[in-house]
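Report on the structure given below.
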Amino acid sequence: MTQRAMIIDDSRAMRSILRRIITGLDFETAEAGHGQEALDLMEAGFAPDLCLIDWNMPVMDGYTFITEVRKRPEWRNVTLMMVTTESEQGQIVKALAAGAHEYVIKPFTPDAIVEKLELLGLSGKGIPA
Amino acid sequence: MAPASFELIASLVLRETSIIYEPRKEYLVEARLHPLSVQAGCSSIDEYVQLVMRNPVERQKSIDALTINETSWFRDNAPYQAFTETMLPALLAARADRRRLSIWSAACSSGQEAYSIAMLLDQHLPPGWTVDILATDVSTAMLSRVQNARYSQVEMNRGMPATSLVKYFNRAGTEWEVVPSLRSLVRTRHLNLAEPFPMIGTFDLVLLRNVLIYFDQPTRHGILRRIHPHVASDGYLLLGSSETTLDLPADLNAMWDREQIGRVQAHRPATQAASTIAVPRPHPHIASGSLTGARP
Amino acid sequence: MTIAPEMTDVHAIVEQVWSSFLGDEEPLLPAYDADGPFGADDAWSSAVSIHGGWTGTVTIELSKNLAFSLTRLMMAMDESEALDDAEVADAVGELVNMVGGNIKSLMPGPSALTLPVVAAGRAAHSSDLREVSRFDARWAGEPVRVSVHSPS
């Protein structure tokens, strides 16, 4: 079964970069420009295995998005990975405490995303054993 | 760059490190030497190569720049998983009397492998055990990087779990610095794998990953011969995943047993062959008394 | 004394952003263009502000050619595809977001980062802000300037 990823970033250019990496791993993708848009897509039926989440966005930031997703038991299996320029140690700790599984600091190279997904057992190409 | 400049620099790197730069790798040489060339105030790469030929400082800098490997934390994952799940428990049982482990990262580059192992040992080594991690490399610049233990943001993103990042690193300006408790586990030493090894003892685990591919075949075989006495009789040698299928001559092949651990193939000193390998080798100067004597 | 990011740190951050997203075949070369490398007609600029433990503004100014090239690279578009201003603004905005966020992490915190503001033309700064750090560079011959301003 194809895995699905939601890319949440207010920059189209950044979503384009992430989309190229993620579709290369055979994920099906959806995109949202902020946290609320992503929640709306999920409410409407897009069920992601993975969310790549920017922190600073208009309307709803990535940190709030994570806390919202974690309130909902039906989304407990969604893997949440922050991809953000926020790079203080305290911010990483805060995101992990709120329920993020992994954290990539911008700038990153494509390998960084691929390796992080391997760490999470999400290397695309179907549900891992 | 001019073909003549490429030839000069490629033969220098081959002579000093036994690493081969094939002619189609000109773009790579240019990309790596470009910043040095600009720093030195040269107007072209060719001019910089001329400078390298007469200036030992620039020569060392250019060799360092050309021996850098792309590397990540917990590279390929599977070897580290095999280490914590299989090799480490076996070694803990076998070394229960000494309660000491020794590990060699034999082409440590900027140190990610050595510190990745150090992190796992911090998590899995029982209290009262000690560990010594030796990190060696041909590049002195790389060895100072291991000692400084500072990594850029881009390097930190490469395979470092976020939980380990916050546990084992502190921010230091634009970089991240390994915490002192891990740094104290790792010591460095200059070592050219292509030359006879100094007295370094034996190790429970030797990591020789993704480096043999840079050498020509005779050098590869020489390294695998010379590394044998440095792996404890019940220890492990890990090569890169593409390196376990290298063709070996029969005598060298007989020196190693292969053991499949999860998705990883480990090399272990062959028990039967142990008595036959101390007899004359193709490179008598390498089979020095100190090395054969180092075998347990 | 004003607390300011070191020029070498700004350089390191810009270098990392550049090599991660814009490939490293074409290196970013430091340049020392004291008077500013380009005219107002031919430039794009973007800025983010940092507020909290440290307050300041991070600005990137770059030539129009460079703004268009890097947008194409980030969006994986080739020369034949037309770019609109919104796409360029987006890419240049993301660039300053990455540089600004990393500069924020060097300064006393905690601080918050604003969303980027992008404009066609050079950046203008109010008189109560003073330039505390600057990095000039060229990429494929095209100029880029990263500057940090903080209240005087």
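Here the structure is a predicted model, which means the values were calculated and not measured. In what follows, chains carry the letters A, B, and so on, assigned in the order in which the sequence lines appear, proteins first and then strands, with residues in each chain numbered from 1.
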Fill in: Counterpart residues, side chain to side chain donor-acceptor pair (under 3.5 Å), relative to C/Glu131 (two or more places apart)
C/Arg134
Worksheet item: Which pairs count as ring-ring contact (aromatic ring centres under 6.0 Å, His included) when at least one residue sits in residues 102-125 of chain C, sequence neighbours excluded?
Response: C/His125-C/His149
Practice prompt. List in chain and number order the residues that pass ring pair (Phe, Tyr, Trp, His ring centres under 6.0 Å) with A/Phe108, two or more places apart in sequence or in another chain; answer none if no residue qualifies.
Written response: C/Phe21
Fill in: Region of C/Leu115 in contact with chain A, defined by heavy-atom distances below 4.5 Å
side chain
Are there donor-acceptor atom pairs under 3.5 Å between chain C and chain A, and if so which?
{"residue": "C/Met74", "atom": "O", "partner": "A/Arg20", "partner atom": "NH1", "Å": "3.1"}
{"residue": "C/Met74", "atom": "O", "partner": "A/Arg20", "partner atom": "NH2", "Å": "3.0"}
{"residue": "C/Glu87", "atom": "OE2", "partner": "A/Arg12", "partner atom": "NH2", "Å": "3.1"}
{"residue": "C/Asp90", "atom": "OD1", "partner": "A/Ser11", "partner atom": "OG", "Å": "2.7"}
{"residue": "C/Asp90", "atom": "OD1", "partner": "A/Arg12", "partner atom": "N", "Å": "3.1"}
{"residue": "C/Asp90", "atom": "OD1", "partner": "A/Ala13", "partner atom": "N", "Å": "3.0"}
{"residue": "C/Asp90", "atom": "OD2", "partner": "A/Arg12", "partner atom": "N", "Å": "2.7"}
{"residue": "C/Glu94", "atom": "OE2", "partner": "A/Lys106", "partner atom": "NZ", "Å": "2.8"}
{"residue": "C/Asn97", "atom": "O", "partner": "A/Thr85", "partner atom": "OG1", "Å": "3.3"}
{"residue": "C/Met98", "atom": "O", "partner": "A/Thr85", "partner atom": "OG1", "Å": "3.0"}
{"residue": "C/Asn102", "atom": "ND2", "partner": "A/Lys106", "partner atom": "O", "Å": "3.0"}
{"residue": "C/Lys104", "atom": "NZ", "partner": "A/Glu86", "partner atom": "OE1", "Å": "2.6"}
{"residue": "C/Lys104", "atom": "NZ", "partner": "A/Glu86", "partner atom": "OE2", "Å": "3.4"}
{"residue": "C/Lys104", "atom": "NZ", "partner": "A/Glu88", "partner atom": "OE1", "Å": "3.4"}
{"residue": "C/Lys104", "atom": "NZ", "partner": "A/Glu88", "partner atom": "OE2", "Å": "3.1"}
{"residue": "C/Ser105", "atom": "OG", "partner": "A/Ser87", "partner atom": "OG", "Å": "3.2"}

